[in-house]
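Input: a single structure, listed below in structure tokens.
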Amino acid sequence: GAVVSQHPSWVICKSGTSVKIECRSLDFQATTMFWYRQFPKQSLMLMATSNEGSKATYEQGVEKDKFLINHASLTLSTLTVTSAHPEDSSFYICSARIAGAMMETQYFGPGTRLLVL
Amino acid sequence: DAKTTQPTSMDCAEGRAANLPCNHSTISGNEYVYWYRQIHSQGPQYIIHGLKNNETNEMASLIITEDRKSSTLILPHATLRDTAVYYCIVQEFYGGSQGNLIFGKGTKLSVKP
């Protein structure tokens, strides 16, 4: 299957700082990328969907000004958690797929664990 | 909301087949059945998907009932490394537009020695 990477794999930051997480598709061009969040013992929750060159579409309840998503190229999307607070501590997972006429499989990155102190 | 129902947890003996059921009684004709798994503290891993026919790959087999209201993922010879949460997800594809993957709670499979 296709490979999606994330960087960093974990990050600890102070409350009020901003954190940027990168998501890259290594061996395919991802026209669509997704960001999920997962709290302990819970399932993945979709935060937003982004298409290359377009603004992201955020799920209900996700603050777009707090979670800035940039999908500037076909292999890179970034999620910036602005003014992070302890309640933003979570496991953030990106995902990517190729858009096309056929049903395409979505591949996931290894996740980034964020701890806000 | 997830459109599937799965048992919360299952156990399986190492070396035996693991059969994970999924109910998707409201599935529409445009929706595919996808299976992913998530090993602790990792991102989800794609396993297999199907529309109507049974499917097999190097990881697993997917059996979809004729009415498409349920399916079973089969891991033919479970190993300890197959211990994970398994998610059954229905995803729409219609008119060139693909729906989002919405995760439910999944089934926690524990493979025991």
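Below, read A as the first sequence line, B as the second, and so on, with proteins coming before strands; counting in each chain starts at 1.
In this structure, A:Y36 and A:F34 have tilted ring planes: the angle between them lies in the 30° to 60° band. Aromatic ring pairs are classed by plane angle as parallel below 30°, tilted from 30° to 60° and perpendicular above 60°; the pair B:Y46 and A:Y107 is perpendicular.
Checking B:I64, B:D67, B:V33 one by one against B:I27, the side chain to side chain contact (heavy atoms under 4.5 Å, CB included) holds for a single residue, B:V33.
Only the side chain of A:T49 comes within contact range of chain B, with heavy atoms under 4.5 Å apart. Heavy-atom distances place the side chain of A:Q38, and not its backbone, under 4.5 Å from chain B. Looking at B:E92, only its backbone comes within 4.5 Å of chain A, counting heavy atoms on both sides. Contact of A:L44 with chain B is made through backbone and side chain together, with heavy-atom distances under 4.5 Å.
Judged by distance alone, with hydrogens and angles left aside, the side-chain atoms of A:H7 form no donor-acceptor pair with the main-chain N or O of A:S9 at under 3.5 Å.
Highest contact tally toward chain A, considering only B:H49, B:Q91, B:Q45, is held by B:Q91 [criterion: heavy-atom pairs under 4.5 Å].
The cationic group of B:R37 does not satisfy the cation-pi geometry with B:Y86, failing either the under 6.0 Å distance to the six-membered ring centre or the 45° limit from the ring axis.
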